[in-house]
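The structure under discussion appears below in the form of structure tokens.
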Amino acid sequence: MKVPFLDLKAQYQSIKDEITVELQKVLNNTAFAGGPFVAQFEKEFALFCKTDFAIGLGSGTAALWAAIQGLGIGEGDEVITTPNTFIATAEAISFAGAKPVFVDIDEQTYNMNPQLLEDAITPKTKAIIPVHLYGQTADMDPIMEIAKAKDLFVIEDACQAHGAKYNGKPAGSIGDAGCFSFYPGKNLGAYGEAGAVVTNNLQLADNLQMFRDHGQKKKYYHAIVGWNARMDGFQGAILSVKLKYLNQWNESRRKNAKLYNDLLADIDGIITPTEVDYAKHVYHLYVIRVKNRDGLQKYLSDNGIGCGYHYKYPLHLQKAYKHLGYKNGDFPVTEKVMQEIISLPMYPELTKQQIEYVVEKVIEFLKK
Ligand SMILES: Cc1ncc(COP(=O)(O)O)c(C=O)c1O
């Protein structure tokens with residue numbers, strides 16, 4: 001049996017007719033860069049996230065960068081995040097001109113450990129970016145409390161958490177801004193590159209609307225130095241179709257995760273994901289821990305099963321961030337976990353038989 005790590009074709013087949021109709025509308029309107037289909041999606045996505053505004057952008061990386069600069073953060077400032085994230089979180093901080101500062105993660109959730117935050121705050125700190133990794137939110141209450149006490153912004157990296165909840169609140173709606181990626185493999189994925197920022201802050205929304213369109217609100221009048229970071233019309237139309245199915249797809253992911261959890265329970269040598277009390281986990285990724293994860297990856301691959309690493313090396317030890325001066329041992333939980341994690345196939349369309357096959361092969365490997 002073959003079980004790919006991700007299968008975008010199965011989902012496309014299930015909504016193909018609707019997508020074709022909407023794409024034809026974009027073509028008929030020649031509404032390719034920004035425009036009414038993006039505006040419609042923004043309205044729907046803000047409603048979904050329970051925020052006043054959603055601003056469509058060209059990618060999740062652009063969303064993070066736009067939010068950071070839109071809050072006035074730049075040269076000489078520090079922004080705190082975790083070293084166990086996709087590099088885009090740190091890149092966005094760097095591109096805004098600020099310095100990424102890392103804090104270690106919690107070993108159960110793999111998200112920012114709020115207890116370590118205060119020690120990382122300096123007079124230069126301007127914001128905290130908790131990453132809702134794998135589809136489960138960080139523990140937002142203590143993070144918000146510290147941010148309030150220290151007068152810091154909170155920007156949620158919700159790029160892996162579309163539809164996730166923290167104590168009933170949608171991911172992205174808790175901090176000053178929430179940033180989403182609609183990269184094709186995400187829980188809500190475009191058919192190209194796209195992203196968005198959600199916020200209740202009118203001034204930030206205003207800034208982002210200008211920033212993404214060369215700093216202009218009115219054509220030829222450039223109020224700020226901006227960029228071209230618009231979402232394209234096709235992506236807006238596709239995302240509007242797909243948003244209607246997001247809750248249903250997330251439920252399928254949750255069901256698949258439960259089946260994995262049940263089948264892998266009581267197996268020695270494996271740690272399965274934990275859904276903590278405050279969270280509704282949407283399992284963008286199903287990440288387990290084993291001692292010999294490279295061996296497992298090879299064994300699964302030899303048996304037709306695709307896997308991923310999220311992530312393989314921590315950001316503080318990447319060459320790109322050598323200049324920050326971190327060293328091995330600075331973030332022991334991240335460093336330990338990152339040698340053990342491996343992501344098993346996870347998408348709504350996975351079948352029971354596929355999951356059973358993956359589990360059978362995982363157990364076979366562990367018993368070798
Ligand atoms: C946690 C996280 N942050 C940021 C991004 C960047 O999003 P994009 O690929 O749309 O630029 C991603 C996407 O992979 C992500 O997973």
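Bear in mind the structure is a predicted one, so any value in this text is a computation, not a measurement. Indexing begins at 1, ligand by ligand and atom by atom, following the structure's order.
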For Y110 and Q136, test the side chains for any donor-to-acceptor distance below 3.5 angstrom and give the result as yes or no. no
Have S94 and Y321 got a donor and an acceptor in their side chains that come within less than 3.5 Å? yes
I'd like to know whether ligand 1 has Y311 as a neighbour, heavy-atom separation below 4.0 Å. yes
Which part of [X] is near ligand 1, with near meaning a heavy atom under 4.0 Å away: side chain, backbone, both or neither?
X: T61; answer: both
X: Y134; answer: neither
X: L133; answer: neither

For [atom], what is the closest protein heavy atom, and at what distance to 0.1 Å?
atom: atom 14 (O) of ligand 1; answer: K186 NZ, 2.8 Å
atom: atom 3 (N) of ligand 1; answer: D157 OD2, 2.8 Å
atom: atom 4 (C) of ligand 1; answer: C159 SG, 3.5 Å

Which atoms of ligand 1 have any heavy atom of [X] under 4.0 Å away?
X: T89; answer: 3 (N)
X: V131; answer: 1 (C)
X: A88; answer: 4 (C), 5 (C), 6 (C)
X: T85; answer: 1 (C)

Check this for me - ligand 1, L64, N or O atoms closer than 3.5 angstrom, yes or no? no
Polar contacts were defined as any N/O atom of the residue lying under 3.5 Å from an N/O atom of the ligand; does this apply to Q160 and ligand 1? yes
Check for me whether the distance between the ring centres of [X] and [Y] falls short of 6.0 Å.
X: H162; Y: F48; answer: no
X: F86; Y: Y183; answer: no
X: Y260; Y: Y283; answer: no

Might you point out which heavy atoms bring V103 and P83 nearest each other, and give the distance in Å? O-CD, 3.1 Å
For the residue pair E22 and K25, what are the closest heavy atoms and their distance? OE2-NZ, 2.9 Å
Starting from I15 and following side-chain heavy-atom contacts under 4.5 Å between hydrophobic residues (I, L, V, M, F, W, Y), which residues can be reached? Y12, I19, L23, V26, L27, F32, F37, Y191, F234, I238, V241, Y245, W249
Are Y309 and R293 side-chain neighbours, meaning at least one heavy-atom pair lies under 4.5 Å? yes
Kindly identify the option in A92, S181, A190 whose heavy atom sits closest to atom 7 (O) of ligand 1. S181
